[in-house]
Each structure stands twice: as structure tokens, then as C-alpha cells.
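Working notes, beginning with the structure itself.
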Protein chains: 2
Amino acid sequence: MKVTIRDVALKCGVSVATVSRVINNSDQVTDETKKRVMKVIDEFGFIPNTNARGLSTRSTNTVGIIVPNVSNPFFGELIEGAERAASENGYQIIILNSGYNTEKTLRDIMVLQSRDVDGIIMSTADIDEKTLDHLHENEIPFVLMGPIQYKYPVNYVSVDNMEGARMAVEHLVKLGHKKIAYCTEKYDNYLNQLRYEGYKKAFDSNGLEIQKGLYLEDSVTENVKNIISMNKEERPTAIFAFNDNIALSHMEALERNGIRIPEDMAVVGFDNIRFASYFSIQLTTIDNRQEEFGKKGFEILLDILKNDGTKTQQIVTKPQLVVRKSCGSK
Amino acid sequence: MKVTIRDVALKCGVSVATVSRVINNSDQVTDETKKRVMKVIDEFGFIPNTNARGLSTRSTNTVGIIVPNVSNPFFGELIEGAERAASENGYQIIILNSGYNTEKTLRDIMVLQSRDVDGIIMSTADIDEKTLDHLHENEIPFVLMGPIQYKYPVNYVSVDNMEGARMAVEHLVKLGHKKIAYCTEKYDNYLNQLRYEGYKKAFDSNGLEIQKGLYLEDSVTENVKNIISMNKEERPTAIFAFNDNIALSHMEALERNGIRIPEDMAVVGFDNIRFASYFSIQLTTIDNRQEEFGKKGFEILLDILKNDGTKTQQIVTKPQLVVRKSCGSK
DNA sequence: AACCGGAATGTAAACGGTTACATTTAAATG
DNA sequence: CATTTAAATGTAACCGTTTACATTCCGGTT
């Protein structure tokens with residue numbers, strides 16, 4: 001049977017209130033009794049029940065994290081950063097996997113609500129207006145990982161996506177590329193929009209025109225089939241991929257078709273996932289490691305919780321170009 | 001303010017018991033009242049509080065998962081499999097990141113206890129005798145992912161590690177290799193022991209002797225330095241790595257030193273992590289994908305919880321060799 | 001010796017659900 | 001129409017904490 005605060009109190013010959021005071025180390029209990037109670041707590045292996053505690057204090061020292069895919073190391077890093085920061089502050093995290101599904105995301109939020117989490121950290125990948133409305137109406141403290149547009153200001157932390165894309169494409173332009181494909185995967189969202197803006201900006205500021213037919217948003221196989229079917233005139237000499245995963249799968253498919261990287265095709269990604277640095281891959285990309293963001297995200301949340309959450313914070317970090325070998329430079 | 005079951009009851013003009021029956025869809029409430037209550041629940045956006053519920057039922061429909069490193073996709077997959085299975089059965093999971101730290105693991109277990117989780121799924125990577133004793137004494141239902149030795153039988157699911165290692169090395173032997181290094185990273189544990197057993201077995205059954213000095217357990221840099229310092233006589237022609245991560249980092253370091261894979265050195269890994277299949281990597285390895293295990297693990301746990309947990313289950317799956325290009329065969 | 005005040009401790013009502021048991025309701029039976 | 005019975009609903013105790021408020025204790029003042 002589970003040992004409760006009452007068992008401890010009984011054994012010590014004190015009241016539950018006193019035991020409660022001891023485990024919350026209140027200063028209004030004698031050292032002598034504190035010691036006595038502690039001894040019994042140890043002896044009994046008493047662990048205070050967090051749920052009961054939360055029920056009475058309305059705070060569970062828990063924050064929820066919702067990501068689209070836990071097995072994607074990109075999000076794994078985000079979680080790790082947040083978990084570490086949380087842990088250091090005596091908070092625990094509950095992780096939910098939304099599977100890139102907005103419906104499930106909303107359900108996940110309710111699950112977290114039903115557990116009295118103090119706040120939520122979420123990736124923007126699977127959030128829609130309805131979800132934001134729900135968060136707003138229910139006055140749930142939350143921080144988003146990624147940029148967002150909404151009728152009210154929200155807390156978020158993100159890299160400057162437009163600028164990152166611009167830098168990536170600028171890098172290609174500086175290397176002499178003029179036909180640069182934009183490869184994505186039907187990411188019909190704000191993020192894609194921002195990065196595409198950056199892509200355009202790089203062209204504009206260099207007085208270049210974007211070729212027709214180089215916005216590729218089908219499956220990788222389709223895109224690559226498309227590319228190899230182009231004649232020398234049309235075929236891009238470089239690819240800017242929406243993210244590293246897309247870059248890598250395109251690289252793989254291209255190589256399978258005898259197109260060498262970087263000799264025949266330069267490639268830049270976005271995110272700088274861990275594998276991008278692997279010797280045999282060596283992807284040039286924009287740094288967007290999530291661990292730091294996870295940490296920052298939690299800190300903002302904590303700030304909201306401790307102080308009051310009246311003002312929102314937006315943190316946008318400056319992107320960094322990581323030059324490796326996939327563009328042939330260096 | 002948060003809306004409670006009492007608010008709903010009041011508004012409907014029924015008792016809390018009835019509302020409770022509705023949300024638990026008990027069959028002893030009229031369709032008519034059920035409908036009426038439901039409407040108010042919707043209208044109010046009432047979400048039953050899981051913690052309060054758990055407090056009175058002693059069951060939270062939650063299982064905890066403890067892994068050493070969430071940002072490692074190997075564990076990510078494990079989590080994903082478990083999360084999916086849990087979700088399908090109306091369970092939620094709390095994920096804790098132990099950071100390969102046995103002390104933190106024990107603390108994590110207590111955290112989960114304090115939250116009244118129904119059971120725990122854990123990787124064996126950071127478990128010691130003391131932890132197992134704690135689990136045992138506190139009668140916590142748990143399932144381990146990986147093999148284990150303990151004075152009592154425990155539930156676990158694992159690939160047959162010895163057999164997997166044997167198959168991997170056998171593959172190398174069949175390709176004509178006689179000097180095969182065993183590369184690990186101070187994994188001074190049961191898993192390593194098992195895989196090393198398999199390594200030996202492959203030698204034994206083929207009437208071969210293991211060369212001296214080919215058990216490499218330093219850092220990657222050290223190991224590779226060690227290898228390239230060997231003369232043609234001693235230098236291994238193949239590597240069996242404790243896992244894919246170690247295989248990959250050795251491959252990278254070797255290539256950096258001008259040793260080509262597979263021409264100069266054949267490599268086999270263990271685990272078949274996702275990146276092992278990448279075109280430019282093409283690592284031959286033993287399949288040990290965790291998603292299926294996560295699922296199985298949860299199912300065992302569920303079985304323990306629903307029925308009673310008197311008998312333990314050990315599931316050991318047959319390993320599968322995945323032949324790619326890192327050994328030059330094919 | 002009576003009194004005071006602050007520190008230590010105790011009492012009991014929350015927190016938001018569930019559920020055994022009690023009660024009401026309504027239909028079925030003689 | 002009175003009685004029985006089963007179904008629907010209500011009452012209140014309980015799950016394990018916290019905490020406002022009440023009480024006791026004890027040394028210090030007059």
C-alpha cells in the first residue's frame with residue numbers, strides 16, 4: 001500500500017500540517033521536529049503525491065511540450081533543451097506527439113489542460129487559428145517555437161527565417177549560380193512563405209530574375225524526375241531546400257541519378273541538423289539548432305509564470321551560414 | 001476561472017454524480033439527460049481534471065517512459081512506437097530524459113511515482129541493481145527495453161543481441177575477413193557483453209582465432225589513431241561496431257584519414273538507425289528498430305495492468321542482417 | 001502571579017473528481 | 001389502486017495534499 005502524509009504524521013505523533021510544512025520546508029517548524037519527521041519520511045520511503053498537491057495548489061510544476069514528431073532529432077533537440085532547463089528549475093515536462101496533425105494537436109492541448117500543466121511549449125508546425133483561439137480563450141500560458149501570425153501578439157522564439165533563406169541563396173549567387181531551384185514539400189505555411197520571401201530577396205538585391213518552373217513542391221522523386229528531364233538551358237545549377245531533410249533526400253535521389261554533388265549541383269539546406277555535418281554529407285546550411293531554443297522557450301514560459309504574463313515576448317535570433325562542401329566552395 | 005464538474009451539474013440541475021456518469025459514459029443514465037449534460041459540457045468547454053480523477057481512482061491512464069537521450073532518434077523511435085500504442089488505448093505518456101545517469105534515472109522513477117503513473121517503460125541503458133530493487137520494493141509495473149540480468153525475472157523486450165552480433169561478424173567472415181576489430185565506447189555493460197559474446201561465437205564456429213589488440217574501447221579518435229598506427233600485418237580489414245552511431249563516427253574518422261570504406265575497411269554496425277540507409281552512407285547493420293519494441297513494450301505493460309501482473313514476459317526477437325554497401329559485398 | 005505575544009503545532013475545509021449507498025421515479029404486476 | 005421492482009438520480013465520504021485559521025506552548029514583562 002502507498003504511504004501517505006497521514007501515515008507519516010501518525011508515526012511521528014504530529015499533524016499532517018506539520019509534515020506538509022516539513023516537505024515544503026517551511027521555516028515555521030522546529031529543527032528538532034523537522035529532523036524527526038524527515039527520519040520517518042526516509043524510513044517509510046514517502047513520496048508526496050504530485051497530483052494531490054497540484055489539486056490543492058493549482059500548480060503542478062509541469063509544462064507540456066507538443067511536437068509533430070519525437071523521433072525527428074530536430075525536435076528531439078528542442079525537447080532536450082527544454083527538458084534540461086525545466087529540470088534545473090524543478091519542473092517536469094510532458095511530451096506529446098502530434099504527428100503533424102492539427103486535430104490531434106488540439107486534443108493534446110486539452111490533455112495537457114486536464115493535467116493542470118502550468119504552461120505549454122509547442123512547435124508551430126501544426127498549429128492553426130482554431131488552436132490559437134482555444135489557447136487564448138482558455139488563458140493558457142504558452143510559447144511557440146517558430147514564427148507565427150495571429151490577431152494577438154504571442155510569445156515565440158525563432159530564428160530569422162527570411163534572413164536565413166536570403167543568406168543561403170545569397171551564398172549560391174555569390175558562387176555564380178543564377179538558376180537556383182527552391183525545393184519544398186507542400187509546406188503551405190507561414191514558414192515556407194518566409195523562406196521563400198528570403199529566396200526572392202536574394203535575387204532582387206542582386207538584380208537577378210527568378211526562372212520559371214524552379215519552385216518545386218512535389219515529392220522528392222517527382223522533383224528530381226522533373227530536374228533531370230530539363231535540358232541544359234533550363235536545369236538549375238543549384239538547389240535551396242526548405243530544410244535539411246529535404247536537402248538530404250534530394251541529394252540522395254540526385255546522386256542515384258548520376259548527378260554529383262557539388263560538381264553538377266550545389267545544395268544548401270536549412271536547420272543544420274546533426275547529420276548535415278557528417279563527413280560524407282557535408283551539407284552547407286543555415287544554423288537553426290533547436291536545443292538553445294527549447295531552453296529559451298522554457299525560460300520565457302517561466303518568466304510568464306513567475307511574474308504575470310501580461311506582456312508577450314518575441315525572440316528572433318540571427319541566422320548563421322554554415323559553409324561545408326555541398327556547394328563546392330572551400 | 002476553471003469550470004468544474006460542479007458547475008456543469010448546477011447548470012444542468014443534476015448532481016455531480018450524474019455528470020460524472022456521463023463523462024465516464026456509464027450506461028445507467030438516460031439518453032435524454034446524457035444529451036442535456038453533454039450540451040452543457042460542450043457549451044462550458046468543460047475538461048475533466050485528470051489529476052483529480054487519478055486521485056480518486058488511483059489510476060491516471062498514464063505511463064512513464066525513461067530514456068537516456070530523447071534527441072537520439074534511436075530512442076525517439078522507441079518513444080514514438082510507445083506513444084502511438086498508448087494513445088490508441090487512451091493512455092498518455094510522460095517522457096523523462098535520464099541523460100545516461102543512473103542517479104537521475106532513480107529520481108525520474110520517483111517523479112513518475114509521485115504522479116501516480118500506472119506503469120513505466122524504460123531503456124536498460126541506465127539502470128542498475130539499486131534501481132531495480134526500488135522498482136521491485138515499490139511494486140511498480142515496468143517493462144524494460146533491452147536485456148537484463150536480475151535476481152528476479154523482469155518484463156522486457158529485446159532483439160537477440162548475441163545472435164545479432166554473431167550474424168554481423170559471420171557476414172564479415174564469409175566475405176573473407178579474419179582480422180575484425182570490435183569497436184565500442186566503454187560500454188561496460190551487459191549489452192556489450194552479449195554482443196561481444198556473439199562476436200566471439202562467430203570466430204569460434206568458423207575455427208578462427210581473435211587477434212590480440214582488436215578490442216577497441218577508447219574514444220573514436222583514439223581508436224582510429226590506433227588503427228592507422230598498425231602495420232599491414234596487424235591492421236584489421238573490418239570493423240564490427242557496437243552500434244550504428246559508433247560505426248558512423250568511425251567511418252567518418254577513417255575516411256578523414258584516407259582509409260576508404262569499403263575498399264580498405266569493411267564496417268558493420270548494429271541497430272539500423274534511419275541514417276544508416278542514406279545513399280552516401282549505406283551501412284550494413286543489424287536491424288534493431290525501436291518503434292516496434294516501443295509498441296510491444298506498451299502492450300506488455302497494458303497486459304500487466306489489465307490482468308494482474310503475476311507472470312513476467314520476456315520477448316526476444318530474431319535479428320535481421322541488413323546488407324548494404326559498407327562491406328563491399330553486393 | 002498574571003498577562004502578553006510570538007512561535008510551533010493542530011484542525012478542518014478546500015481542490016475536482018468517483019462511487020458505495022440511499023433515495024426517488026416510474027413502469028409493471030396482481 | 002396498492003405494491004413491487006428496476007432504473008435513474010442524488011448524497012456524501014473519500015483520494016492525498018495545502019493552508020487559513022484556531023489553539024497551545026513558553027519565555028519575557030509588569
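Chain naming here is simple, since letters A, B, ... match the order of the sequence lines and numbering starts at 1 in each.
Nearest-nucleotide assignment on DNA chain C puts the 5′-proximal partner with A/Q28, out of A/R6 and A/Q28. Both B/L55 and B/V16 lie near DNA chain D, and the one whose nearest nucleotide falls closer to the 5' end is B/V16.
In the model, A/T131 has a side-chain atom that pairs as donor or acceptor with a side-chain atom of A/D128 under 3.5 Å. No side-chain donor from either of B/R53 and A/S114 sits under 3.5 Å from a side-chain acceptor of the other.
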Could you run down the sub-3.5 Å N/O contacts of the protein with nucleotides 22-28 of chain D?
none

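In this model, the phosphate group of C/dG10 is approached by a side-chain N or O of A/T18 to a distance below 4.0 Å at OP1 or OP2. For the OP1/OP2 pair of D/dT18 and a distance below 4.0 Å, the side-chain nitrogens and oxygens of A/R53 include at least one atom meeting the criterion. Under 4.0 angstrom from either OP1 or OP2 of D/dG16 there lies no side-chain N or O belonging to A/T4. Checking the phosphate oxygens (OP1, OP2) of C/dG17, no side-chain nitrogen or oxygen of B/T57 falls inside 4.0 Å. For D/dT19, neither phosphate oxygen OP1 nor OP2 lies less than 4.0 angstrom from any side-chain nitrogen or oxygen of A/S56. Using a 4.0 Å cut-off, no side-chain N or O of A/R58 falls inside it from OP1 or OP2 of D/dT18.
Using a 4.0 Å heavy-atom criterion, one finds that B/N24 contacts the sugar-phosphate atoms exclusively. Residue contacts for A/T33: at a heavy-atom cut-off of 4.0 Å it reaches the sugar-phosphate backbone alone, with no base atom in range.
Salt-bridge formation is not detected for the pair A/D118/A/K306: no Lys NZ or Arg NE/NH1/NH2 atom is positioned less than 4.0 Å from an Asp or Glu carboxylate oxygen. Salt-bridge formation is not detected for the pair A/D31/A/K35: no Lys NZ or Arg NE/NH1/NH2 atom is positioned less than 4.0 Å from an Asp or Glu carboxylate oxygen. By the 4.0 Å N-to-carboxylate-O rule, B/E299 lies close enough to B/K295 to be salt-bridged with it.
Residue B/A52 has its side chain nearest to C/dG16 when only D/dT19, D/dG16, C/dG16 are considered. When distances run from any side-chain atom of A/V14 to the nucleotides C/dG10, D/dT17, D/dA12, the shortest one goes to C/dG10. The side chain of B/S20 has C/dT19 as its nearest neighbour among C/dG16, D/dT18, C/dT19.
A pairwise comparison of heavy atoms in B/M145 and B/G297 identifies SD-CA, 4.4 Å as the closest pair. Residues B/V3 and B/F44 come closest through the heavy atom pair CG1-O, 3.6 Å.
If you take NZ of B/K2 and C1' of C/dG17, they are 14 Å apart, rounded to a whole angstrom. Rounded to whole Å, atom P of C/dA8 lies 9 Å from atom CG of A/D31. In this structure, CG of A/N51 is placed 12 Å from P of D/dT18, rounded to the nearest angstrom. Note: CG (A/D27) to C1' (C/dA8) measures 11 Å, nearest angstrom. B/I41 places its CD1 atom 16 Å from the P atom of C/dG16, with the value rounded to the nearest Å. D/dA8 atom C1' lies 12 Å from atom CZ of B/R36, rounded to whole Å. If you measure from atom CG of A/L10 to atom P of C/dG10, you get 12 Å, rounded to the nearest angstrom.
With B/F298 as reference, B/Y91 is the one residue of B/F142, B/F293, B/Y91 to meet the ring pair (Phe, Tyr, Trp, His ring centres under 6.0 Å) rule.
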Walk me through whether A/R36 and A/E32 qualify under salt bridge (charged side-chain N to carboxylate O under 4.0 Å, His left out).
CA-CA 6 Å; A/R36 219 171 70 237; A/E32 200 266 323; 3.7 Å; yes
If you apply the rule salt bridge (charged side-chain N to carboxylate O under 4.0 Å, His left out), what do you find for B/K11 with B/D7, and how did you get there?
CA-CA 6 Å; B/K11 172 79 174 189; B/D7 301 326; over 6 Å; no
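Helix bend of the helix from C/dA1-D/dT30 to C/dG30-D/dC1: the angle between its two end axes, each built from five pairs, comes to 60° after rounding to 10°.
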